[in-house]
Structure formats: C-alpha cells, structure tokens
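Inspection log for the structure reproduced underneath, given as structure tokens.
Throughout, numbering of the chain's residues begins at 1 and tracks the sequence.
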Amino acid sequence: MQAGLESLGIAVPPTYVELAELARARGVAPGKYVDGLGVTRMAVPLVEEDTVTLAARAARMAMEAAGCTAEDVGMLVVGTETAVDHSKPVSSYVQGLLGLSTRCRVFETKHACYGGTAALLLAMDWVRSGSAKGKKALIICSDIARYGVGTPGEPTQGAGAVALLVSDKPKLLAFEAGKTGAYAKDVMDFWRPLYSKDAVVDGHYSVQCYLDALEGAYRAYQEAAEDAGGEGAYSDRFAALVYHVPYGKMSRKAHRHVRTLDGDKEPDASFDRLVGPSLVLPSQVGNIYTGSMYLALASLLSCSREELTGKRVGLFSYGSGSCAEFFSAVVQPEAQARVKALGLENLLEKRRALSIPEYEAIMAAREKLDDKPAEETPGEGFRYQGTRDHKRIYAR
Ligand code: CAA
C-alpha cells in the first residue's frame, strides 16, 4: 500500500524581526547574519501564541486543503522540543481545539528537531501496514526556537508549525518504503535543561555533529536503497535535496559535504539547482526546529520553477543529541499547484515587522507566560490566554 503526504499546512506568527536591524542593534555587521548565516527575517511569536496555537493553526490549514473532517483522523502526533507541559502532550490540547474524534491515538514525540520525522515515519508504517483502515494521520511539527537575547544563537531563532496529513492517497509526495538511512549518536551539541526556557548550544560543535550525522545517514540510505554504482554523483539521482535548515548557510554546508562525499570536485556548483528553492521560505522565518525541514519542503514545492512530477526528492532530518535520517519521496502530479494554492509566500509577506525594543519586550514577557493569570483577550483564532488553577486556557 502507498503512503505519503496528502496535504500540508503552515502556521507562522504574524510578526518578525529584520535580521539586518537585529545585527545593527547588536553591533554586528548585517552581512554576518544575512549572508553569513543566510537568514533575512526571523519569526517572533506574540505572547498569545505558543506551540499549541501554532500547531492547531497549521493543522487546520492541512485539513482544509484536503477536505479532511475531524472523523477522518485516526492518529494525531505532535513532534516538538518546546512543549508546554512535562506530562500533558501538546497534541491533546490540539485535539480539543480542533474537535477531533475521541477514537484517535494522540501523543507527542521528542527528539530535538528530529521528533516530527520520527512521528512521520511511524505514521507512514501505520498506513502501509493496513492498521489505519482508511483513516489519516495528522503529524504536526511545532516549535518556538529560543536561545535568548544577545547570545550567538539569537539570529538563528524562529517560530512556526508545519502540519502533514499522511494517508494512503498521497497527493503531494509518496514516500519510498524501506529507503531510509538512520544515524544516531549520544552527543552534547544542543539541549535544553528542564529548568530553562532557553536552549543551551555548543554552536560550532553542533555544526560538526550535524555534518557527521548527515554523512552517516546518507551512507546508510545508499545501503538501504541497494542502488550503488552508476555514472556521476549519487545525489544527482534526486531532483532536489531538502536539508534540515537551522539557518540557510547550514544547508549550503550540508550540500557541500554530500557532494564532496559523492566525489564532486565543484561541490557548490549544483547548490542553486538542487537546494536553492527549498530555502526561499526558511530564509524569511528562521529556525522552527522540528518543522524546519518540512518548511523547506513546502518552499521547494511552492517556489521551484522546475516541473517535479514523478521526480525523487531526498530529505535529511537532523535532531541534536542526536538522531538523523535521510529518506526519499516521489513528487505526485499537481503537488506543486496544490502547495502554491496555499499562498505561503503571500502569508509571509502580510506579516508585520517588529522594532528591536518591541521584540525584546516580547522575549521578556514570554519569561512569565506560564504563570500569567488567564484573561479574555480580543482577537480571532486560537490564542493562549494564560493559566487558571495551573491549567492552560485557550481561546478557540
Ligand atoms: N559578511 C558575511 N559573512 C560573514 C560576516 C560578514 N560581515 N561576518 C561573518 N560572516 C560569516 C562567517 O564567515 C561564518 O561563515 P562560515 O560558517 O561559512 O564560516 C558565518 O558568517 C557565521 O559566523 P560565525 O561562525 O563567526 O558565527 P558565530 O560564531 O556567531 O555563530 C552559529 C554561528 C554557531 C551558527 C550560532 O549562530 C549558533 O550557535 N546557532 C545555534 C546552533 C545551530 O543552529 N547549529 C546548527 C547545527 S545543530 C542543528 O541543526 C539543530 C538545530 O536546529 C539547533
């Protein structure tokens, strides 16, 4: 049985910071953030937004795009590393906000930025095995990436969610069963202790850990695919490569590494062709952890000028700590038109720029959000309103 993506949905905050402006405020040359890291804008969530509200918004878009009803969903998993509770999963709040059926398997997965991929691959096997019995899985990657004001990681923050509707009717991508290569190693490159809202990172070491994991997963994929040999660079078997994007430059480093492993003497020459379109949206949003690679995938389908129908895409997901996977999928007819119709570029254009003092005030306010007494807030859609009796309260 086939399994793959029937639709996808994206949610980003309505506000962002221009990285050139942030650089000036930090006394850094703007070129370092914009060209050196490859990020133009960084999404900043409002205080009424959290991992739950972003996840619910993204899921609603994915469900509407596929005409999927609440009763159609038999599994709901949220992959996140910025959950709102040590016990109750983000997915339970989302189930409530979306009014999904009680006949649904609902849980959360965590492994840094790989958590969503773990859920996606599990859902794929659930569909292929026949256990889904025609039901769909809703996999949501939702995070608020936060390193703190004035840290080296600050320009690599971001916020957003990507929802992936998985079924036996893949209208966007059909994933290739068995063609996955995993790599895991216990490393301390990036983590967030239970007592901290900000991530702790050994920045340059994390880049090396990412590249080591990429190499391991890429080689494991080739073994699993059992298609060694042939002419030219192995990665030319893909029409596009989508890497986990903590910041755009990391994708360039990743691609350079893959092409060097392939024996390519000019490893940068194929970057614009194979990777460029996947970075258009991420460069406007920043790192969204679990959702980053899937935002890059949406960017590829939305922004590529090449006809991709029937072609193979390679995907690399990396979660610090670490676990990584290289896997592949085939683009389905009209997938590009369907994703374009979501108007994702327009969605990003409509956002409002924050001044640096406004952004810093939001960062400070977020410190106390878990203790904020719940109050009615004006506005539309899913909103976090604060806590009452230690319970998080949301407006629908
Ligand atoms: N114009 C153009 N480029 C400039 C420049 C200028 N004026 N000044 C500096 N640069 C370039 C540098 O040459 C460098 O490029 P290369 O990487 O190609 O050498 C780039 O800008 C960055 O400069 P630095 O390395 O000096 O920057 P830094 O020390 O301040 O930190 C960082 C960079 C380590 C990525 C830091 O932002 C960080 O810690 N980020 C968070 C961790 C992270 O994202 N790690 C990625 C791998 S782990 C992962 O992927 C999981 C995850 O999501 C977190």
Side-chain angles (χ1 to χ4, degrees), residues 11-17 22 42-60 78-98 108 110 112-113 115 140-151 153-162 190-201 285-291 351-396:
V12 288
T15 38
Y16 68 89
V17 158
L22 180 66
M42 169 177 106
V44 177
L46 297 172
V47 291
E48 66 208 41
E49 293 181 292
D50 67 5
T51 307
V52 171
T53 63
L54 290 167
R57 279 174 49 210
R60 198 170 51 184
V78 175
T80 183
E81 53 186 298
T82 51
V84 296
D85 192 287
H86 289 311
S87 174
K88 178 165 168 147
V90 169
S91 45
S92 288
Y93 290 104
V94 173
Q95 182 200 12
L97 290 175
L98 296 177
E108 186 181 288
K110 181 182 76 177
C113 304
I140 315 173
C141 306
S142 184
D143 273 303
I144 294 177
R146 192 185 146 103
Y147 295 93
V149 169
T151 64
E154 184 182 26
T156 64
Q157 298 177 127
V162 182
F190 167 105
W191 64 101
R192 188 166 64 86
L194 287 176
Y195 51 80
S196 175
K197 284 197 164 42
D198 296 339
V200 185
V201 62
V285 176
N287 195 357
I288 57 169
Y289 289 164
T290 48
R351 296 174 301 165
R352 179 171 75 83
L354 294 172
S355 68
I356 301 304
E358 279 178 306
Y359 148 69
E360 288 174 354
I362 288 175
M363 290 292 277
R366 295 195 71 84
E367 284 289 324
K368 304 186 189 83
L369 274 190
D370 290 347
D371 310 322
K372 177 178 154 322
E375 57 182 358
E376 291 289 323
T377 47
E380 287 176 6
F382 305 123
R383 296 183 313 286
Y384 170 67
Q385 297 187 309
T387 58
R388 190 180 303 131
D389 300 330
H390 302 285
K391 296 171 189 158
R392 295 177 81 84
I393 309 292
Y394 290 93
R396 285 152 202 255

For [X] and [Y], work out which heavy atoms get closest and say how close.
X: Pro45; Y: Ala159; value: CD-CB, 3.8 Å
X: Arg57; Y: Ala11; value: CB-CB, 3.7 Å
X: Thr53; Y: Glu48; value: CG2-O, 4.0 Å
X: Leu97; Y: Arg396; value: CD2-CG, 3.7 Å
X: Tyr289; Y: Ala199; value: OH-CB, 3.8 Å
X: Thr15; Y: Leu46; value: OG1-CD2, 3.7 Å

Roughly how far, to the nearest 0.5 Å, is the [atom2] atom of [Y] from the [atom1] atom of [X]?
X: Leu22; Y: Leu354; atom1: CG; atom2: CG; value: 11.5 Å
X: Tyr394; Y: Gln385; atom1: OH; atom2: CD; value: 10.5 Å
X: Thr51; Y: Ile288; atom1: OG1; atom2: CD1; value: 11.5 Å
X: Phe382; Y: Tyr93; atom1: CZ; atom2: OH; value: 15.0 Å
X: Arg366; Y: Glu49; atom1: CZ; atom2: CD; value: 7.5 Å
X: His390; Y: Asp371; atom1: NE2; atom2: CG; value: 9.5 Å

Note to self: Using a strict threshold of under 4.0 Å (side-chain N to carboxylate O), is an ion pair present between Arg392 and Asp85?
What the structure shows: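 The answer is no: the pair does not qualify as a salt bridge.
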Using modelled atom types and a 3.5 Å cut-off, is there a donor and acceptor pairing between side-chain atoms of [X] and backbone atoms of [Y]?
X: Arg383; Y: Thr377; value: yes
X: Thr80; Y: Ser142; value: yes
X: Asp143; Y: Ala145; value: no

Notebook entry, point to check: What residue among Gln157, Arg192, Arg146 forms side-chain hydrogen bond (donor to acceptor under 3.5 Å, both in side chains) with Asp198?
Noted result: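 When Gln157, Arg192, Arg146 are each tested with Asp198, the side-chain hydrogen bond (donor to acceptor under 3.5 Å, both in side chains) holds only for Arg146.
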Any non-hydrogen side-chain atom of [X] less than 4.5 Å from a side-chain atom of [Y]?
X: Ile140; Y: Val94; result: yes
X: Lys372; Y: Val47; result: no
X: Val17; Y: Ile356; result: yes
X: Ile144; Y: Leu54; result: yes
X: Glu154; Y: Met363; result: no

Next item on the list: Output all residues satisfying salt bridge (Lys or Arg N to Asp or Glu O under 4.0 Å) with Glu81, sequence neighbours left out; order by chain, then residue number.
Entry: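 For Glu81, no residue satisfies salt bridge (Lys or Arg N to Asp or Glu O under 4.0 Å) once neighbours in sequence are set aside.
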Note to self: Heavy-atom count check: over 12 atoms from other residues, nucleotides or ligands less than 6.0 Å from Glu367 CD?
What the structure shows: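 Yes, enclosed.
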Note to self: Between Asn287 and Thr156, is there a side-chain donor-acceptor contact under 3.5 Å, judged purely by atom types and distance?
What the structure shows: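 No, because no side-chain N or O of Thr156 sits under 3.5 Å from a partner of the opposite role on Asn287.
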